[in-house]
Amino acid sequence: MAKLVINETKTQGVIAPEIYGHFSEHLGRCIYEGLYVGENSDIPNVNGMRKDVVDALKEIKVPLLRWPGGCFADEYHWMDGIGDKAKRKKMVNTHWGGVMEDNSFGTHEFMELCRQLGCKTYVNGNLGSGTVQEMSQWVEYMTFDGVSPMADLRRENGAEEPWTVDYFGVGNENWGCGGNMTPEHYANEYRRYQTYVRQYDDKRPIKKICCGANSDDYHWTEQVMKTCFDHTPEHLHGFMDLISLHYYTVPGPWEHKGSATDFDEEIYYKTLKKAYDMEELVSRHSAIIDQYDPEKKIGLSVDEWGNWFDVEPGTNPGFLYQQNTVRDALVAGINLNIFNKHCDRVKLACIAQMVNVLQSVILTDGEKMLRTPTYHVFHMFRHHQGAELLASEISGSSKTGTEEWKVPELTESVSVKDGIITITVNNLSLSEAKELDVVFAEKKDFEVVEANILASADVRDHNTFDDPDKVVEKEFTGYSLDGGLKLTLPAASVVEIRLK
Ligand code: AHR
């Protein structure tokens, strides 16, 4: 029988709440309809933000939101999105579907959304097509409390107090849609642009995020780190707080990525294997960063991750709208357990994207809304936020899969907070339930505080607007406490169990 050995006497660092972050881009129906409907909408809203969606998001304790892109960020000129809404520029969203962007959601609206969610802010600046001055002025507009042209403009537009910008991205995917740069070129631009991302308030410093690699492009990480830290004077404290990594799980070739809901055993395991590749990506990028930052002061920001499938038939290909099944829940469970276990380096992560785009936690259809299986995984895993990681290891379990695509049968992570231990474990086998013995270093007596599971009769099951609660988190009863804790994990399931 497989055994999960937990050393509850050995903590391994805090799991940054920001690992459970989200990403929202001006793409398809993520911002418009998904999050923001405007003050005059019939859909119940608070200052334009839809109430049903915000309420649901609060239940998963969203710690951080990234905005305005994505590729959109390097085409976004923030001044288009401030002031009287009726006078804001109407323009084409060239990158995503060629639809009209009326700029009714801008900086003030993003800050209002984060206020309602009670989450940290991650603003992504435009390095690809914007100027240093434009980036610098945006930071001044958002964060300066004194008298200055930008701070005065903010006040004229109704925001007396500056906001807190917790994280600022200096460009996005500058190896691709953000300017097709070489790593050396980008790194030199990073050095220049970040200089003018001023810190106006010592008590609320902005953490700067450098654009890192696309999936396994280790050369990018190596060259960017090398160029950034070549002749970099000591006094440049806060020069780079995090470096990003983007990795999507795509089971097929780009032109035929595969259906979100219709897949066979081969594609199921291929998807999980590709998701599990995140372990190697995080390890290898971290090893490169270690060479320049052995004290691990620079965090890895996996600020775009998740499944990328073909769009739902009949929908705009530029909107990236896809359904979400139990397979998505497992991919979320795999990634979140990996990030937890690498919390010494991974300090932030954003699933792409929050609503109606790629692997979303929420889908909407006009006034209707549903929570996806991925939502329920974020709900179960929320107890890891800010908890201390505990050393844990699974032994006695093998790999599962097809001839070509194999993954570990079980993946897990364990943390402790306020005396309660949270274990999250995924059974990746499509067909077999797994028994798991849980063994502690010293702890002998414990009680189960709560236990929940996400599973369904068929791994392709998903929630629809006609049946929004087909796949939901349920109470997990598959454990016994006779002679120690034993779990029986159903096939293709994500389980959370909390003990004290
Ligand atoms: O999330 C969709 C797109 O994927 C983002 O805009 C871009 O950064 C990435 O390529």
Side-chain angles (χ1 to χ4, degrees), residues 21-32 34-35 64-76 92-99 101 105 110 122-130 167-181 186 190 209-217 220 224 242-255 257 260 274-275 278 281 300-312 315-324 328 331-332 335 348-363 372 374:
H22 293 256
F23 173 36
S24 60
E25 180 166 11
H26 289 239
L27 196 179
R29 295 181 297 116
C30 181
I31 297 284
Y32 299 112
L35 290 159
L64 163 126
L65 186 58
R66 175 174 183 241
W67 171 84
C71 294
F72 186 81
D74 280 280
E75 298 197 40
Y76 184 59
V92 56
N93 186 334
T94 42
H95 214 93
W96 301 117
V99 291
E101 163 65 57
F105 189 96
F110 172 67
Y122 173 176
V123 176
N124 210 114
N126 177 350
L127 181 142
S129 71
Y167 296 88
F168 192 87
V170 185
N172 167 74
E173 296 196 352
N174 303 93
W175 36 261
C177 64
N180 291 308
M181 299 175 191
Y186 169 73
Y190 176 82
I209 305 185
C210 176
C211 169
N214 179 26
S215 46
D216 61 353
D217 186 354
W220 178 276
V224 166
L242 298 102
I243 182 164
S244 65
L245 166 65
H246 288 183
Y247 175 63
Y248 286 96
T249 304
V250 191
W254 204 244
E255 30 330 318
K257 296 177 273 300
K274 288 192 165 244
M278 182 66 90
L281 294 172
L300 187 62
S301 172
V302 192
D303 45 40
E304 288 187 32
W305 68 269
N307 284 327
W308 193 324
F309 302 128
D310 292 334
V311 298
E312 282 302 294
T315 65
N316 186 330
F319 280 15
L320 311 185
Y321 176 73
Q322 65 191 42
Q323 253 295 354
N324 200 292
D328 291 81
V331 166
N335 278 287
L348 191 159
C350 301
I351 189 166
Q353 299 190 6
M354 192 175 231
V355 188
N356 290 334
V357 172
L358 302 176
Q359 191 177 344
S360 303
V361 290
I362 283 178
L363 301 178
T372 65
T374 300

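The model shown is predicted, which means the values in this text are computed figures rather than measured ones. Remember, it's 1-based here, ligands and their atoms both numbered in the order they're listed.
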Quiz item: Between Trp67 and His26, how do the two ring planes meet: parallel, tilted or perpendicular, split at 30° and 60°?
Solution: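 Ring orientation of Trp67 relative to His26: tilted.
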Practice problem: List for me each residue that meets side-chain contact (heavy atoms from CB on, under 4.5 Å) alongside Val250, sequence neighbours excluded, and say none if there are none. | Solution: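 Residues passing side-chain contact (heavy atoms from CB on, under 4.5 Å) with Val250: Tyr248, Trp254, Lys257, Trp308.
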Quiz prompt | Stepwise side-chain contact (heavy atoms from CB on, under 4.5 Å) test for Leu64 and Leu348 | solution = CA-CA 9 Å; Leu64 163 126; Leu348 191 159; 3.9 Å; yes
Practice problem: Determine, for Tyr167 and Arg66, whether the Lys NZ or Arg CZ falls below 6.0 Å from the six-membered ring centre while staying within 45 degrees of the axis. | Solution: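 No, a cation-pi geometry is absent between Arg66 and Tyr167.
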Exercise. Mind checking salt bridge (charged side-chain N to carboxylate O under 4.0 Å, His left out) for Glu173 and listing every partner two or more places apart, or none if nothing turns up?
Key: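 With sequence neighbours excluded, Glu173 shows a salt bridge (charged side-chain N to carboxylate O under 4.0 Å, His left out) to no residue whatsoever.
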Present, as a list of atom pairs with distances to 0.1 Å, all nitrogen or oxygen contacts under 3.5 Å between ligand 1 and the protein.
from     : atom 1 : to     : atom 2 : distance (Å)
ligand 1 : 1 (O)  : Tyr248 : OH     : 2.7
ligand 1 : 1 (O)  : Gln353 : NE2    : 3.0
ligand 1 : 4 (O)  : Tyr248 : OH     : 3.4
ligand 1 : 4 (O)  : Glu304 : OE1    : 3.2
ligand 1 : 6 (O)  : Glu25  : OE1    : 2.7
ligand 1 : 6 (O)  : Glu25  : OE2    : 3.0
ligand 1 : 6 (O)  : Cys71  : N      : 2.8
ligand 1 : 8 (O)  : Asn172 : ND2    : 3.2
ligand 1 : 8 (O)  : Glu173 : OE1    : 3.4
ligand 1 : 8 (O)  : Glu173 : OE2    : 3.2
ligand 1 : 8 (O)  : Glu304 : OE1    : 3.1
ligand 1 : 8 (O)  : Glu304 : OE2    : 2.8
ligand 1 : 10 (O) : Glu173 : OE1    : 2.7
ligand 1 : 10 (O) : Glu173 : OE2    : 3.2

Quiz prompt | Under the ring pair (Phe, Tyr, Trp, His ring centres under 6.0 Å) test, residues paired with Trp305 that sit two or more places apart | solution =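 Ring pair (Phe, Tyr, Trp, His ring centres under 6.0 Å) list for Trp305, sorted by chain: Phe339.
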